[in-house]
Amino acid sequence: MLVKFILFILASLVLSASLLHIYSNNIPEKKTSNVQVKGRLNTSIIKIDENNEIAYQEIGDKSGYPVLQLHPTPGALTFRHPQEEALVKKHGIRLIRFDRPGIGQSKSTQLSETTSMKDLLDKSINALVKELKLSTYSVIGYQMGGPYTLSLLQSNQPIDSAVLISTELPLKYQQDNRASLCYSKRLLLESLRLFGPAVTKFQRATWKTIMQTIDPIRFTSIYQNPCLNEVSYENVDEPLRTILQESSIDTFRQGSTASFDEVIRLYRDWGFNPVTTTKQFKGKVLFLHGKNDRVNPLSVANQFFNDACTSSAATNCKVQVLDGLDELQAFINGFDSALSFIEQNSKKTKMMPAGSHDQGTPSSSKSQEEGKKVDHQQSQTITGDVKSKVPVVTVIGGGLAGLAASIEAAEGGAQVFLVEKEERTGGNSAKATSGINGVYTDAQKQQNIPDTFDLFYSDTVKSGKGAGDNKLITTLIEDSAAAIKFLENHGIGMELLTQCGGHSLPRTHRSAPPKVGRAMNVGGEITFKLLKYITDKLSDKVKVLTKSKMTHFIKEDGAVKGIKYLDLITNEEKELRSDAVILATGGYAADREGFLKQYAPQLSHLPTTNGAFANGEGIRLAMDELGAGLIHMPEVQVHPTGFIDPSNPKAMTVFLAAEALRAYGGIIVNQEGKRFCNELGRRDYVSDSIFKNCKKEVEGGHTTAYMIMNDFVAKSFSEALLGFYMGKGFIKKYNNLAEAANATNLPLETLQQTVQQYNTLYEKKQQDKSFVDEYGKDLFPTSFDINQTTYISKITPSIHYTMGGLKFNDKSEILTNDSTPIKGLYGAGEVTGGLHGRNRLAGNSLLECVVFGRIAGQTVSKL
């Protein structure tokens, strides 16, 4: 015990010396109006009252637009990042860095009973505005700087816009007490600079010994993380700024919960809430929050800021997720986003050119079939170069990826042209029937689904047989909750959950069928409502050009600068110039004589669920004209359940039998009336099982299996949609199992035994939640009554999705074969490859469209 105590005292003395040095460096010297510290910017001092003075720094051109940056961390003025000056210059900003008063910069850290933190803040801001003669400015508030920023929005300060960044940034590593260890790293770095390598090595060894002696378990699980191991003794002679850059982001790794409790308390104590504040503020507000980490993904901060924005229903408010798995890169991206937003919304910047309203925008969709058809006449006005003071973006493809990209780009300030070769938008997205995946969503919280990032990640990797790009998968999953929220914010319900094949838990979302009116499949509803949002709310920023087929890219000075397209009504070729092009043209699942024949000829005899438009044109053009790289082209997904049309059993294009039908309890049997697989296994597994256990029933036809359902399945899925399938003849309804067997020529006795055996499995599952049947099935949603209504359909494996496509990265940039980004070219959806690997997990298609469509749109809006 004595040894432990001595070791603890030794370490504490060294750490305390380091702390004292840091603290002394963070407080400006008395009676100094301008301080120069090695490796840091000039720090100016302002006296705000008899007891307090504050410090601030300026970066950028003093004639630039002023932005006041508030940050709560002690010594925040020492924290910088490598791109700070470059980004400030890029956006024409005069950045005024200012720590919150009362900590670090102020002489007095103890407030008197008559002086509140808010009072001190108000005095500080007033003093700064007066000293710098600011007539108007914008504000960035980090972490605890958030509530201070919101309080300023209630004041009479001349603020144009505000950006609030929540406490939680993406965590590269997540362990208990990581923040304290990262802070220790910062102390080690300071000690290194102050005392030299010898003392620092002793300090580090002492800390290590204490950890091993006092708590070996905690040491084993935490100490080895890269946070401490990154300390390098080779940096002794480098400027302090370089050393601080390496540790500057550590402060942002602190847990969000405790910190945000203080934020909430401040809101309450100061007598305001962010909802009304945001709504009443006349300027623009951006809430930036981090991607969901693996341990505390639904942080109070992220939810609170998001609710504050969406609940206000104010057009002046926007929520954006910081991207970048690396913490420092996420911080830099957030900083760039903040400056870009402020630049667009300051009084010196125009959001959209007045002339942009003269492009012939529709006031309504003029649609048939739920409004998916857009008046073609608008395309007649786009005949030459498009010149604008804001980014001009061309989006190719009107499916979910293209719609999501268009919305994000337009709401980010860009002028958008959405080009669709078909008469209506929607593409294959409009055919999707099962839903869209998401983890840590409101629906999962309400239903107490214990889902995690790791479970979702594992399911996706396993489905792709380990071939998917890990970084892309991580982005997909981390952004999934935001993708679901994006749809909800656009009027699309995501309250129903199902557990589809290959999933560990229910995470596939779709909306509940309406109580009145016509039901729509989930993909149709999503694409219809997003198009309606564009035509209703963004008609001055997004021009939708239907029956317009891209023929070539326009490339100038090594960058993509637009497209040439064929007007399919007039047969005229036209040009559309823009700052960037987003490809959302889909895959090649209907390209039988092209990519399928070249890369997957063994599948050419199978039917497809895709429309004829899925012919890989966008992939081919990007490859031929721009040198875009291809990846995973032979990987084509065969969906196990395409409906066989009794009136045309040899048809090569079929309707998809939704995976949700099996998720709600549908079982699959062969011609002998026997089960032969786990109906909720991965799609490739179920398809292979059908080929091995079932037969073709028509010469020249398709391998046929039978799916059996009951009223529970029908009602859970959607009786209205089931009625649509029945109207097409794809599903037959019978009074009981015997009637169904007779009509389909299935052996009744065997079929009854199969159903009774299945019911036994259902009962075992009710008694033992860990039960798994002989095929590995562990989910049994329903049992069957052989004397009650029975539904049967004939199904066949069908080409459904192409995992291959254009190489891309987590910024949605299209890459060459050597992974170099093609300047000005982005992509999202099935046109890209590398994400899913060798097989796609059910529900990840719609998700990738939203996630990477939004990323592409957000990226190009900053050009």
Test Q637 against R683 for side-chain contact (heavy atoms from CB on, under 4.5 Å), laying out the working first. CA-CA 8 Å; Q637 182 174 79; R683 289 177 173 178; 2.9 Å; yes
Verdict with reasoning, D567 to K574, per side-chain contact (heavy atoms from CB on, under 4.5 Å): CA-CA 7 Å; D567 184 323; K574 303 177 181 179; 3.2 Å; yes
List the steps and the verdict of side-chain hydrogen bond (donor to acceptor under 3.5 Å, both in side chains) for T609 and K431. CA-CA 9 Å; T609 63; K431 297 183 175 186; over 6 Å; no
Start with the C-alpha distance between N470 and Y457, add both sets of side-chain angles, then the distance that settles side-chain hydrogen bond (donor to acceptor under 3.5 Å, both in side chains), and finish with yes or no. CA-CA 9 Å; N470 292 335; Y457 183 92; 3.1 Å; yes
Given salt bridge (charged side-chain N to carboxylate O under 4.0 Å, His left out), test D684 with R682 step by step and report yes or no. CA-CA 6 Å; D684 55 342; R682 295 194 314 268; 3.3 Å; yes
Carefully, step by step, assess T641 and H639 under the rule side-chain hydrogen bond (donor to acceptor under 3.5 Å, both in side chains). CA-CA 6 Å; T641 58; H639 196 290; 3.3 Å; yes
Trace of the side-chain hydrogen bond (donor to acceptor under 3.5 Å, both in side chains) decision for E830 with S845: CA-CA 8 Å; E830 201 172 349; S845 178; 5.4 Å; no
The test is side-chain contact (heavy atoms from CB on, under 4.5 Å); show your working for E478 and V439 and say whether it passes. CA-CA 8 Å; E478 286 185 330; V439 65; over 6 Å; no
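Looking only at distances, no side-chain donor or acceptor of T585 sits under 3.5 Å from a matching main-chain atom of G397. No donor-acceptor pair closer than 3.5 Å links the side chain of K555 to the backbone N or O of L626. A distance-only check finds no donor-acceptor pair linking the side chain of S793 to the backbone of I731 [under 3.5 Å]. Under a 3.5 Å cut-off, the side chain of S539 and the backbone N or O of D536 do not form any donor-acceptor pair. Judged by distance alone, the side chain of D459 and the main-chain N or O of L841 form no donor-acceptor pair under 3.5 Å. Within the 3.5 Å criterion, the main-chain N or O of T460 finds no donor-acceptor partner in the side chain of S463. Looking at Q499, its side chain does come within 3.5 Å of a backbone N or O of H503 through a donor-acceptor pair. No side-chain donor-acceptor contact under 3.5 Å links S434 to the backbone of G843. Checking side-chain atoms of N809 against main-chain N and O of E813 turns up a donor-acceptor pair under 3.5 Å. Judged purely by atom type and a 3.5 angstrom limit, T394 has no side-chain atom pairing as donor or acceptor with the backbone of S578.
Residues meeting the side-chain contact (heavy atoms from CB on, under 4.5 Å) test with E488, sequence neighbours left out: D442, I484, K485, M494. For the side-chain contact (heavy atoms from CB on, under 4.5 Å) test, residues two or more places apart in sequence or in another chain that qualify with A409 are A414, V416, V860. Checked against salt bridge (charged side-chain N to carboxylate O under 4.0 Å, His left out), K732 has no partners two or more places apart in sequence or in another chain. Applying the side-chain contact (heavy atoms from CB on, under 4.5 Å) test to K549 and every residue at least two apart in sequence or in another chain returns K421, L568, E617.
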Residues 820-828, side-chain donor-acceptor partners within the protein, below 3.5 Å, at least two apart:
residue: T820; atom: OG1; partner: D818; partner atom: OD1; Å: 2.9

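Ring geometry for F717 against Y725 counts as parallel: the plane angle stays under 30°, on a 0 to 90° scale with 60° as the upper cut. F730 and F655 have tilted rings, their planes meeting at an angle from 30° to 60° on a 0 to 90° scale.
Heavy-atom neighbours of R838 CZ from other residues, nucleotides or ligands within 6.0 Å: at or below the threshold of 12. For NZ of K465, the number of neighbouring non-hydrogen atoms (other residues, nucleotides, ligands) closer than 6.0 Å is greater than 12.
Counting all heavy atoms, side chain and backbone alike, V686 lies closest to P640 at CG1-CB, 3.4 Å. Contact detail for T498 and A663: the closest heavy-atom pair is CB-CB, 4.1 Å.
Between E423 atom CD and K547 atom NZ the span is 5.5 Å, to the nearest 0.5 Å. One finds the CG atom of D469 at 11.0 Å from the OG1 atom of T832 (value rounded to the nearest 0.5 Å). Once rounded to the nearest 0.5 Å, the distance linking CZ of F852 with CG of L847 reads 8.5 Å. Expressed to the nearest 0.5 Å, how far NZ of K561 lies from CZ of R577 amounts to 10.0 Å. Considering OG1 of T796 and CD1 of I644, their distance stands at 4.5 Å, rounded to 0.5 Å. Atom CD1 in I795 sits 11.5 Å away from atom OG1 in T703 (nearest 0.5 Å).
In summary, the aromatic rings of Y801 and H836 are positioned with their centroids under 6.0 Å apart.
Counting heavy atoms from C-beta on, the side chains of H552 and E575 never come closer than 4.5 Å.
Side-chain N/O atoms of T433 and N521 include no donor and acceptor closer than 3.5 Å. Looking at N610 and Y588, their side chains never bring a donor and an acceptor atom within 3.5 Å of each other.
Screening residues 647-658 for side chain to side chain donor-acceptor pair (under 3.5 Å) gives D645-S647 as the qualifying pairs, with residues at least two apart or on separate chains.
A salt bridge between R510 and E525 is absent, with no side-chain N of the basic residue lying under 4.0 Å from a carboxylate O of the acidic one.
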